[in-house]
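Chain letters run A, B, ... following the sequence lines, proteins first and then strands; every chain starts at 1.
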Amino acid sequence: VSGFGPLPGGGAKATFSAQETGILTDLLGQLADLVENRAAAPGDSALTRLLPDAYRDNAEDAAEFRRFTEDDLAAKKVRNARAALHSLTVDVRRKKTTVTLDNAGVHVWLRSLTDLRLTLAARLDLSADGTVPDGSDPVVRAVYEWLGYQQETLVAAIDR
Amino acid sequence: VVDVSQTLHDTEIEDLISLGQPWVTLVWNDPVNLMSYVSWVFRSYFGVPAAEADRLMLRVHHDGRAVVATGTREEMERHVEAMHDFGLWATLQKADA
């Protein structure tokens, strides 16, 4: 499994197979739709984690904060997912996708990979210590772990 | 002379009374975010050196939470929103709460 590598002068680069590109395209599209249409899924566990309460023990303050900030925050997450989608340019002949990111692109991808992993973790019903429950979908689990590897290599590519 | 009780609502009076009393931004541990990513967020957003970012990240990891900033309520609200933008689980509260 390959991941992101550093680019000379900053930024990062990765090459994805057709299958990996298909998975990323599908998930990033779903993420953008989920956050954009959040009113249609009240109480969804992934949305609760993506857009958490800012006040832990004060529902009134939490609701007030949400009223002023949630639309902006949600719009940023949708924008990041769509920008990440847009950066997946397919080379049809080689059946591979190369993603070349400048520093702004790295920030977009780090956030979207995080949002994707938070969403999949909610779907897997990951326990507080990170254990995946028995009987969970092995494909979703494999994709979750693959996304973690991609993020680890992307952080390493720009680290220090 | 202005009668303060008539011009200020209860919440505004509370805000005045709490002037000078610091608020804190807390980041909570979660099973999803990578240690390397959390440390990068602290360096990247708060501008702290790598060693301090790692120390804060490990405190989140081992203690379940860490205070990552102290200041006015408005500043802490801005930090919490930024942490949520990075996908970290953050809340704010009064320093002594």
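With a 4.5 angstrom heavy-atom cutoff, A:S127 touches chain B only via backbone atoms. Only the side chain of B:W40 comes within contact range of chain A, with at least one heavy atom under 4.5 Å from a heavy atom of that chain. With a 4.5 angstrom heavy-atom cutoff, B:L88 touches chain A only via backbone atoms. Residue A:F65 touches chain B through its side chain alone, counting heavy-atom pairs closer than 4.5 Å. Contact of A:D57 with chain B is not made at all, since no heavy-atom distance falls under 4.5 Å. Only the backbone of A:D53 comes within contact range of chain B, judged by heavy atoms closer than 4.5 Å.
Contact detail for A:K77 and B:D85: the closest heavy-atom pair is NZ-O, 3.8 Å. Here the closest non-hydrogen pair linking A:A54 and B:H84 is CA-CE1, 4.2 Å.
Chain A forms the most heavy-atom pairs under 4.5 Å with one residue out of B:D30, B:T25, B:N29, B:L26, and that residue is B:D30. Heavy-atom pairs under 4.5 Å with chain A were tallied for B:E77, B:M76, B:M35; the largest tally goes to B:E77. Per-residue counts of heavy-atom pairs under 4.5 Å with chain B were compared for A:L113, A:N58, A:T131, A:L110; the largest is that of A:L110. Heavy-atom pairs under 4.5 Å with chain B were tallied for A:A128, A:G148, A:A121, A:A156; the largest tally goes to A:A128.
Considering CG of A:D61 and OG1 of B:T91, their distance stands at 12.0 Å, rounded to 0.5 Å. Once rounded to the nearest 0.5 Å, the distance linking CG of B:L34 with CD of A:E152 reads 5.0 Å.
A:H107 places a side-chain heavy atom less than 4.5 Å from the side chain of B:S44. Two residues are said to be in side-chain contact when any heavy atoms from C-beta on lie closer than 4.5 Å; A:R49 and B:W89 meet this criterion. Proximity of A:R117 to B:Y37: side-chain heavy atoms (C-beta onward) are nowhere separated by under 4.5 Å. With a 4.5 Å cut-off on side-chain heavy atoms, B:E81 and A:D72 count as touching.
Atom CZ of A:R82 has more than 12 neighbouring heavy atoms from other residues, nucleotides or ligands inside a 6.0 Å radius.
Cluster annotation: B:V60 is not connected to B:V24 through the hydrophobic network of ILVMFWY side chains, with a link wherever side-chain heavy atoms come within less than 4.5 Å. When hydrophobic clusters are built by joining Ile, Leu, Val, Met, Phe, Trp and Tyr residues whose side-chain heavy atoms come closer than 4.5 Å, directly or via intermediates, A:L7 is not grouped with A:L88. Note on B:V67 and B:W23: separate hydrophobic clusters, where clusters join Ile, Leu, Val, Met, Phe, Trp and Tyr whose side-chain heavy atoms are under 4.5 Å apart, directly or indirectly. Tracing side-chain contacts under 4.5 Å through hydrophobic residues (I, L, V, M, F, W, Y), one never reaches B:W28 starting from B:Y45; they form parts of separate clusters.
Shown here are the ring-ring contact (aromatic ring centres under 6.0 Å, His included) partners of A:F68, two or more places apart in sequence or in another chain: there are none.
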Could you please spell out the steps behind the side-chain contact (heavy atoms from CB on, under 4.5 Å) verdict for A:Y55 and B:L92?
CA-CA 6 Å; A:Y55 291 85; B:L92 72 152; 3.5 Å; yes
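Among A:L118, A:T114, A:L124, the single residue meeting the side chain to side chain contact (heavy atoms under 4.5 Å, CB included) criterion with B:V32 is A:L118.
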